[in-house]
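Comments concern the structure below.
Order of listing sets the numbers, starting from 1, for every ligand and every atom in it.
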Amino acid sequence: MEKALKVLFLSPEVTPYAKTGGLADVAGTLPGALRRLGIDVRVALPYYRTVREKEVPTETVLSGLEVPTGGENLTCNVRATRAKDDGIVYFIERDAFFDRDHLYTSGNGDYSDNLERFSFFSRAALLFARALGFECDIIHCHDWQTGPVPAFLKTLYAADPFLSRTGSIFTIHNMGYQGIFPPELLPASGLPAGTFHPAGVEYWGKISLLKAGILYADAVTTVSPTYAREIQTPEYGMGMEGILAQRAADLSGILNGVDYGDWNPTADPHIAAPYGIADLDGKSICKLALIREMGLRDSLISRPLFALVSRLTVQKGYDLLLEVIEALVGLDAGLVVLASGGSAFRAPLDAYREKYPENIAVRIGFDEPLAHRIMAGADIFLAPSRYEPCGLTQIYALRYGTIPLVRATGGLEDTVSGFDPVTGHGTGFKFTDFDAGAFLEQITRAVRVFNNRKAWATVVQNAMQADFSWDEPARKYAALYEKVARRREHSRQ
Ligand code: ADP
Ligand code: GLC
């Protein structure tokens, strides 16, 4: 038998330890699926205040590890814990960087030392793997916070006896976050001065850690096939389409999976009553419970209840939602919004809630149990995203029989199929143009189908049967790990 591959999986957020969005879900659940394939995957993330507060039981496996940063040696400890399936999870502990209220931003915007914090995390990961003798074949990096890793490997550690055989894969979860910093901070990153050029980390005169990851990794992936195509165009590449096109031969889209252990209406500890495909009575109980919790009027139980759960950002299409809200209320429907983060959309959302308190409920904040209760209690899940690399909420919604109504972009396009009442096929509703008229047309259609009990029962059954578990995507990642490891082996011979 061939030797089991060793993979270090580096992510700035991982469930159940630290989360702001879907990356945490991916980093918390994909490693387990890879381990089931026999790969020795170990995960690493910073030891944030939230990890400490959750009282995750850890053991310190390294103390005082020196990490060159900004011209001096800073130190960190490395703690380890065991995930649910017994897999190893490492935490990089340096309180001056990570013992803070939030992961990336405070109330006044991004932490000013994010470049230093995450370059440190990236370099510490390489150095602790070496110090512990974890000889990884692949370091699988996620998003800009880990972008320095491929660049470190190809420059500072290219001839390192321990690290020179390690390959890197860089997964892009969102082109909207490019890790851009002023050029004078380059020394703080620890990246060699020689990387600051257009074929390196330099991006319009600044540093981009996303670009570092894209250019120096052995292979680049993103989280859906459609997004992999889209980001090579000016509309979705956010300025990096040329850089991505340059890497087209090594760029692929692997659709995210989900863990139905965490999101399963038959056994969800957060919801009012369990239900499943064969018995949907519990879903009505969840709907009434949600209506009451949100202070909406009881009679909405017989009307379509729309929901949106997401970060309150331009990406998620709140501007379109605001344009259709009056019409939605005009259709005698309800709307529940759970949105995290502050933004200009907050005031207008609140104004609508005040104007239509019986139909509209808005909660601002990050509330995981409530996200589950909404998933279970709503009828239609909205995702009018301007762009969406994959999107996990619409996949969870499908399993909860909450029909996704999405803009056909990125992973939304790849996970939802349009319902056709004539053939009875399809799992949701889709519109293509980022346009309030197109959105409203599908809202109106969804209400029409909702009013037809038989058709609605069919789409709900179709949705609940859709399967996006990790098995297939994990096999694709495993094949890519093998390919990169083989390629590096050849190039060394
Ligand atoms: P993104 O990563 O762009 O935020 P995804 O759909 O991939 O979008 O993942 C979002 C994840 O974060 C889901 O698990 C969703 O339930 C969760 N989530 C988003 N907003 C909130 C919120 N306000 N409160 C609780 N959970 C949220
Ligand atoms: C990002 C994307 C989202 C994706 C998630 C996990 O935050 O915005 O579409 O599902 O990462 O890959």
Side-chain angles (χ1 to χ4, degrees), residues 9 11-16 18-30 103-104 140-146 170-178 210 221-228 230-231 236 238 253-260 262-263 268 270-271 307-318 336-343 345-346 349 361-376 378 381-400 402 404 406-407 409-416 468 470 473 477:
F9 201 97
S11 171
E13 51 184 87
V14 181
T15 52
K19 166 165 171 173
T20 69
L23 168 57
D25 296 24
V26 171
T29 57
L30 169 57
L103 270 51
Y104 320 123
H140 189 168
C141 307
H142 298 268
D143 276 356
W144 70 262
Q145 292 89 341
T146 62
F170 185 71
T171 297
I172 303 166
H173 293 263
N174 198 324
M175 288 303 299
Y177 300 87
Q178 304 188 335
L210 183 76
T221 71
T222 187
V223 289
S224 70
T226 295
Y227 196 58
E230 287 174 340
I231 56 179
Y236 293 93
M238 301 197 172
I254 300 179
L255 192 66
N256 281 337
V258 301
D259 186 336
Y260 290 116
D262 294 338
W263 292 91
D268 184 331
H270 304 297
I271 67 179
L308 205 161
V309 176
S310 65
R311 293 177 291 109
L312 192 52
T313 59
V314 173
Q315 174 192 346
K316 301 294 179 180
Y318 279 93
V336 175
V337 176
L338 171 61
S340 50
S343 80
F345 300 121
R346 198 164 161 170
L349 274 175
V362 177
R363 295 286 182 276
I364 301 295
F366 193 83
D367 185 338
E368 293 195 82
L370 180 57
H372 284 249
R373 295 198 295 277
I374 293 175
M375 227 30 116
F381 190 86
L382 297 174
S385 302
R386 182 171 265 103
Y387 71 94
E388 198 61 71
C390 180
L392 299 175
T393 46
Q394 82 281 5
I395 303 180
Y396 300 143
L398 286 166
R399 185 49 56 104
Y400 283 71
T402 303
V406 305
R407 180 162 171 255
T409 183
L412 298 172
E413 166 70 357
D414 296 343
T415 54
V416 177
F468 291 97
W470 272 117
Y477 279 112

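With sequence neighbours excluded, no residue satisfies salt bridge (Lys or Arg N to Asp or Glu O under 4.0 Å) with Asp367. With sequence neighbours excluded, the residues forming a side-chain hydrogen bond (donor to acceptor under 3.5 Å, both in side chains) with Gln394 are Thr415, listed by chain and number.
Every protein residue with a heavy atom nearer than 4.0 Å to ligand 1 is included here: Lys19, Gly21, Gly22, Asp25, Trp263, Val309, Ser310, Arg311, Gln315, Lys316, Leu338, Ala339, Ser340, Gly365, Phe366, Asp367, Glu368, Ala371, Glu388, Gly391, Leu392, Thr393, Tyr396. Among protein residues, Gly22, Leu23, Val26, His173, Asn174, Val223, Asn256, Arg311, Gln315, Glu388, Pro389, Cys390, Gly391, Leu392 come within 4.0 Å of ligand 2, judged on heavy atoms.
For His372 and Tyr396, the gap between ring centers reaches or exceeds 6.0 Å.
Considering CH2 of Trp263 and CG of Leu398, their distance stands at 13.0 Å, rounded to 0.5 Å. To the nearest 0.5 Å, atoms OG1 (Thr402) and CG (Leu382) are separated by 11.0 Å.
Side-chain contact check for Trp470 versus Asn256: some heavy-atom pair is nearer than 4.5 Å. Using a 4.5 Å heavy-atom threshold, the side chains of Pro225 and Leu255 count as touching.
Tested against Tyr318 for a side-chain hydrogen bond (donor to acceptor under 3.5 Å, both in side chains), the candidates Ser310, Ser385, Ser343 yield a single pass: Ser310.
A donor atom on one side chain and an acceptor atom on the other are found under 3.5 Å apart for Glu13 and Tyr104.
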